[in-house]
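Take a look at the structure set out below.
In the text below, chain A, chain B and the rest are named by the order of the sequence lines, each starting its count at 1.
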Number of protein chains: 2
Amino acid sequence: MQTDIHDAHNGFGTIRVYPDKTPIYHQGDSATRIFRVNSGVVMTFRLLEDSRRQITGFCTEGEFFGLSPHGDHMDGAVTVTSAGIQSVSISALETDAGLRAQIMNHSFRKIEDTQNLMMTLTKTSSEARVAAFLVMLADRRLRRQGPNADGLEVSLPMSRLDIADYLGLSRETVSRRLNELKSLGLIGLPDTHTAQINRFDGLRRCAGMMAA
Amino acid sequence: MQTDIHDAHNGFGTIRVYPDKTPIYHQGDSATRIFRVNSGVVMTFRLLEDSRRQITGFCTEGEFFGLSPHGDHMDGAVTVTSAGIQSVSISALETDAGLRAQIMNHSFRKIEDTQNLMMTLTKTSSEARVAAFLVMLADRRLRRQGPNADGLEVSLPMSRLDIADYLGLSRETVSRRLNELKSLGLIGLPDTHTAQINRFDGLRRCAGMMAA
DNA sequence: CGTTCTGTTGAGTCACCTCAAGCAGTGTGG
DNA sequence: CCACACTGCTTGAGGTGACTCAACAGAACG
């Protein structure tokens, strides 16, 4: 776990390494830069008046965050793990056509992701949501590694409460459902922050999706 | 209620008038055009395997819909009322910088809207959701008309089931909560497809937002 | 080695859903 | 003009899945 912040520069703006649980920006801050995760995990979230929280995304390597329609950030961003993060001034959008295309593509995808999350949150049981969360993490890992799905270990660097606030559940329910999936034999839980995928197809079915 | 379809052209692509309850495109269709509502109401929705439905938006005058990240539409679109709809080929995005900027702006806003909807759907009671729905419709109308909020009549051209599928509730619950808001004196229901806003601030408070 | 934070487990409650019946508006055929 | 069916909305009764509250266990940390 790193605890110091490094800075560097390249043609694409600033590169910076943050320790875990470090805020990148706050909800309501004026948005002057666009961010991209180089390594580690960052989560974005929105707060309500009564301090409840909806986590809107867990971003890993290659993903953009911090895009805002107006001047102000509509969400906050915090590192979950130590993370390397690139940033560019928002004004680069006007001059850099390649970046603009990348961002535009990302925006479309973000709409889709958000709608998918919304479907998951509103149309499925707590069990399906937890399963879907694990499937998402596993899929992400598979995209980078080979397709040996079963036996794969995914890390859960975030707390149960973070997962709960992402899935719109209570901490307790997340815990219950994880252990349920474990007792069904679909996953293993070697420790609290690691899940082992035993039967990926079963997990997918549980998440209410067709097998890949 | 119109039942015939008219066509016209201008520099911005095709303009067409559709009767109510007419599909514009289907989920999964290849996306070749971008649409804009000129008049009337259009709703977009996503279907799940078990034929449940999430309505992702009600679009009125000036709003774009049908934007897709890949080749395929991730949602379907149907007219709620008779509606005039402009469309442009998606290839116009490459040549028309002004259109591109408009779409980009719309995309950011769409992410925000979708996240707002998600917050409403996951963090609030059925009463707050119905109130929020009415507030949204009233706000939309106020943006075009003067700011005489109280006494304003908003039309609900969509069915109770449509509202339910937008708010992630059952038809029955929508009906119950509407009548509850009526008996609280916040709204009136002169007929099933019209709501009269009696106390806009009260409705806002009920929706869990601060007064404007 | 206490203290604190996170995660788990149990018991009870409640908001919304489901099922089922009733009702109003609209259209249709005799 | 009136039965009849049909569709969309409302209302009631009962069930249930996830939440809340509360206690406990285990890990992390000083």
Q: Rounded off to whole Å, could you give me the CZ-to-C1' distance for the B/Arg160 and D/dT11 pair?
A: 14 Å
Q | Atom-to-atom span, CE of B/Met158 to C1' of D/dG8 - whole angstrom | A | 15 Å
Q. Which nucleotide in the set D/dT10, C/dC17, D/dA18 lies at the smallest distance from any side-chain heavy atom of B/Ser170?
A. C/dC17
Q) Looking only at N and O atoms, is any donor in the side chain of A/Glu172 or the base of D/dC21 less than 3.5 Å from an acceptor on the other one? A) yes
Q.
Please determine whether a side-chain nitrogen or oxygen atom of B/Ser125 lies at a distance below 4.0 Å from atom OP1 or OP2 of C/dA15.
A. no
Q. Charged N to carboxylate O under 4.0 angstrom, B/Glu112 versus B/Arg109?
A. no
Q: State whether B/Arg171 places a side-chain N or O below 4.0 Å from either non-bridging phosphate oxygen (OP1 or OP2) of D/dT10.
A: no
Q) What nucleotide, of C/dC16, C/dG7, D/dC9, holds the atom closest to the side chain of B/Arg177? A) C/dC16
Q) Nearest to the side chain of B/Asn179, which nucleotide is it out of D/dT11, C/dG7, D/dA18? A) D/dT11
Q) To the nearest angstrom, how far is B/Leu167 atom CG from C/dA15 atom P? A) 18 Å
Q) For the side chain of A/Leu169, counting heavy atoms from C-beta on, which of D/dT20, C/dC17, D/dA18 is nearest? A) D/dA18
Q. Among C/dT8, C/dT18, C/dT9, which is the nearest nucleotide to the side chain of A/Arg176?
A. C/dT9
Q: Kindly say if A/Thr173 contacts the phosphate of D/dA18, meaning a side-chain N or O under 4.0 Å from OP1 or OP2.
A: no
Q: Measure from NZ on B/Lys182 to C1' on D/dT10 and round the result to the nearest Å.
A: 11 Å
Q: Return the 5'-most residue of the pair A/Val174, B/Ser175 with respect to DNA chain D, ranking by each residue's nearest nucleotide.
A: B/Ser175
Q. What's the CZ-P distance between A/Arg129 and D/dC19, to the nearest Å?
A. 7 Å
Q | B/Arg171 atom CZ: more than 12 heavy-atom contacts under 6.0 Å | A | no
Q.
Under 6.0 Å from the ring centre and within 45 degrees of the ring axis: does the NZ or CZ of B/Arg129 meet both conditions for the six-membered ring of B/Phe133?
A. no
Q.
If the threshold is 4.0 Å, N to carboxylate O, is there a salt bridge linking B/Asp165 and B/Arg160?
A. no
Q | Residue whose closest nucleotide on DNA chain D lies nearer the 5' end, B/His193 versus A/Glu127 | A | B/His193
Q: Grab the NZ-P distance between A/Lys21 and C/dT6 for me, whole Å please.
A: 7 Å
Q) Is any NZ, NE, NH1 or NH2 atom of the basic residue among B/Arg141 and B/Asp139 found under 4.0 Å from an Asp or Glu carboxylate oxygen of the other? A) no
(Q) Without decimals, in angstroms, what is the distance between B/Lys123 NZ and D/dA18 C1'? (A) 13 Å
**Q.** Nucleotide C/dT8, atom P - distance to CD of A/Glu180 in whole Å
**A.** 13 Å
